[in-house]
Amino acid sequence: MHIVIIGAGQVGSFIARSLCIEHDIIVIERDKETAEKLREYSDVIVIEGNGEDISVLKETEIEKADILLAVSGDDRTNIMASFYSASLGVPKIIVRVRNPNFLDYPNVIKNTAISVIHPWEIISEKISSLIGSPFAWKSETLAMGKIKMFKLKVEDNTPIVGKTLATLGPPKAWIFVAVSKNGKITIPTGDTKLESGDYVFALGVPDILGKLKELFDVHEKEIKSAVVVGGGRLGRGAAKLLSKNGISTKLIESNPERARIAAEDLDHVLVFKGDATDTDTLKEAGIESADYFIALTGDDENNVLSALLARNLGAKRTTVLYTKPDYIDVIEAIGVDRAISVRLSVANEILSLLHMHGVAHVALVEEGRAEVLEFDVTSQTKMLGMPLSDVDFPSGSIVGIVLRGEEVIIPRGDYVAALGDRVIIFTLPEAVQKVEMILGQ
Amino acid sequence: MNIQFSLHIIGNFIKYLGLLMLVPAVTSLIYDESDLWPFLISALVTTVFGFILEFTTKSTELTKEIERKEGFLIATLAWFAASIFGAIPYLVYGVFNNPVDAWFESVAGFTTTGATVLTDIEALPHGMLLWRNFSQWLGGMGIIVLGIAILPRLAVGGMQLMGLEAPGPTTEKITPRIAETAKKLWSIYVLLSIILVILLVFAGMPVFDSVLQSFSTLSTGGFSPKNLSVGSYNSAIIDTIITIFMFIGGMSFVLLYWSLRGDFKRLARNSEFKYYLIINVVVILAVTFELWTTFYSNFFESLRYGSFQVISISTGSGFTTTNYDLWPSFSKWFLLMLMFFGGCAGSTTGSIKIIRIMVLFKKGYQELHKLIYPRAVMPIRVNAKPISNEVVSSITSFFLIYLFIFLVSTLVVLAVEDLPIITAISACAASIGNVGPGLGQVGPIGNYSELTSFTKIVLSILMITGRLELFTILVIFTPAFWRK
């Protein structure tokens, strides 16, 4: 497919990289150095120029494009480019709009090809799902919400430590598709032993989480008090949600003006004006007895450092928001419990929008260290009518779950793909190409 | 940098190189000649070696991308491997007894230099002749480009690899995916080669010769199945056809691709092509004029030989239709100067390339202009687009290093050989520029066979260095490359 991407920032370059093996991708980037970097590391064409410039857009043969992704840093550029390509009849246009004041613009021309991505909305959804189910370290929604993937931690002193997957019994309504030991993700076998500190990835229907809790013997302590850092839209949204659930919530914001706005906006939340990397401020906000700490400023370093401080001062659980993908290792190493990646969240949302347009849906896991592929069995699929045991899946992949209508199937060797089945496959990057060849799409 | 990984890729590459040796084996079978077994043995040895190398270097890390440093190593090793294994058929058949001679001939083939150490070319069987020219054809568009087009393994990280091999300061893509671009480049290369074969057959050249001539013309190689090169056919039509196709071989294949698809705007806008055209036309007219007034009696003869030799040398082909060594000195020195020009970036030619010459001229002009208007801001433009200072400085250093290597190698050759200066100069210029024949002893009627083995090795290394545009090989000899 011919895909034009405007903006080679975090999201644009990430998507370009993950799609370039299969598709023809042309990226427009204004900054010379960023363009050069993308050119070096990805198999795409990068045009230096402004995405709202029609002559630049023409150079990408936008009129022949199947998809336009307008994800540059400038909302106006994104909107203008989407209007221009909509007028040319580009069948799928995804526009990222950051400023809420511009949110309604892309819909002005009432073109059904345009989908608007609003990062703030996506991230607040992530935050609320994390607050809603604190047991899962991460959750990913698949198959239009019918299936979820949970990342769970094997804690010390739980009954499953030291057991192999085979002894946990055959998968019924869920399946463990991957195990992460010391940051290395592998596809487990029946002999894989779970050790304390490991993470497992489980696929299943959304309400399977309760059963997994039993298995992992988790007794969730109720959250009574929480501290939120950052008085921006995200921070305020999280604070609102927490206080609505009857949790005593405090918010820290360093900018006086923003602190004032937050205080006016939030009725039952105590707002502090101060620096969250400052011990006194944190203590004043009652961090020592806080059950939950979440840092949502726009500054990665600030979020990570304040979470580290909060942990040391006694906060039970910490969550941070981060933008720079390279930080994931650091964040896990210093013991921050949960991290929300802005880039990954937005990229996954875009990739899931592309799915409706015929690209096999890919959800990226752990900054792209693994992928979940979701596809529908059509008459062109090579494995149609073949028992699974006869399909030569590479070792770095596993067929996780199949949806047949409303029925959820955990496929075994005797599973035969039928028309209309939605198959969800967990795969490591090195196996992706082979899996896609088997799917024959 | 993972050396084992680089060797693994090279092993894979050598394996396929062995299979390519079956092409001349088919010729031997058709003509029922004695070089069939040498080719089969060489193919077997090469493929088995490739297999062993690939197998012994197998590691868990093989799915990774090719890193920067590995790219340099892979490109260099690929070219050395191609030329070394490509020499095996010559040795097994006994064309040469000295391995250095065989390697020289093989290097001159793959690098499209076209210098030869053979004294009687016509004595060779058809298969050997085909292998010489086939290696030029492979090396012309590039063995790595071929690898990227065919082996999916190389497509990941292929952009840098292709940039290391493709002539010119920057590499342009036709399509977003590099493997697709490589396939398209190779397909127009094949298409043009077929067209040339048909034209030559119609012009009266034997079919076998036409195929060989086509191999070495579009690759601007210069090997000919005849002792007297193109001159042996003594046909004005053949000369003209080959002149045109050598010129085409010196054009950017990306531009040729767009032109063949009917998009001539890109060609018309391309300033490098304009310079290429103008330089060649001006030199042809100057040489023709001098030949007409002092050497040949009629204008058309002067134009025919003048244009053929000018295009042949400026594109680094090195075919000859006449002994230009006898020409008056003005024309002769013009030819020597042209050895430093080459064709366009993205073509099959060697040497410095028109785009670099063009930027250097513009830079010089800019400096002069600055003396008059010290405060003026004057970007250097290529194709109407300003280019960055980094590109200009990289081109300047390329030029300096090119001249430096040329000078040093000339001195080395003069120190060990008892040669006239003009022979040494032109031999080095013709080797690093991938031209082929030079002047004097290595001129149109002479060859490189009289030189010592040491000089042949120096010249062979010059050819590979020139083909990979200096930096790729030189970087491997810097301590920083090996530092962990």
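No hydrogens, no waters, no symmetry mates; every other heavy atom, side chains included, goes into these values. Each chain gets a letter, A, B and so on, in the order its sequence line appears, and its residues count up from 1.
- Shortest non-hydrogen contact noted between B:Lys173 and A:Ser42 is NZ-O, 4.3 Å.
- Side-chain contact between B:Ser388 and A:Lys32 is present, with heavy atoms from C-beta onward closer than 4.5 Å.
- Closest approach of B:Ile174 to A:Ile45, counting heavy atoms only: O-CD1, 4.2 Å.
- A:Glu33 CD: 12 or fewer foreign heavy atoms inside a 6.0 Å radius.
- Pairing each heavy atom of B:Lys385 with each of A:Glu59, the nearest pair is NZ-OE2, 4.3 Å.
- The neighbour count for B:Asn389 CG, taken as heavy atoms of other residues, nucleotides or ligands under 6.0 Å away, does not exceed 12.
- Considering CD of A:Glu40 and CZ of B:Arg68, their distance stands at 4.5 Å, rounded to 0.5 Å.
- Counted within 6.0 Å of CZ on B:Phe51, heavy atoms from surrounding residues, nucleotides or ligands total 12 or fewer; the atom is thus considered open.
- Screening A:Thr60, A:Ile26, A:Val46 for a side chain to side chain contact (heavy atoms under 4.5 Å, CB included) involving B:Pro176 leaves a single residue, A:Ile26.
- Heavy-atom contacts from other residues, nucleotides or ligands closer than 6.0 Å to NZ of A:Lys181 number more than 12.
- In A:Lys37, the NZ atom is not crowded: 12 or fewer heavy atoms of neighbouring residues, nucleotides or ligands sit closer than 6.0 Å.
- Between the side chain of A:Asp43 and the backbone N or O of B:Ile178, at least one donor-acceptor pair lies under 3.5 Å.
- By the neighbour-count criterion of 12 heavy atoms within 6.0 Å, atom CZ of B:Phe481 is densely surrounded, having more than that number from other residues, nucleotides or ligands.
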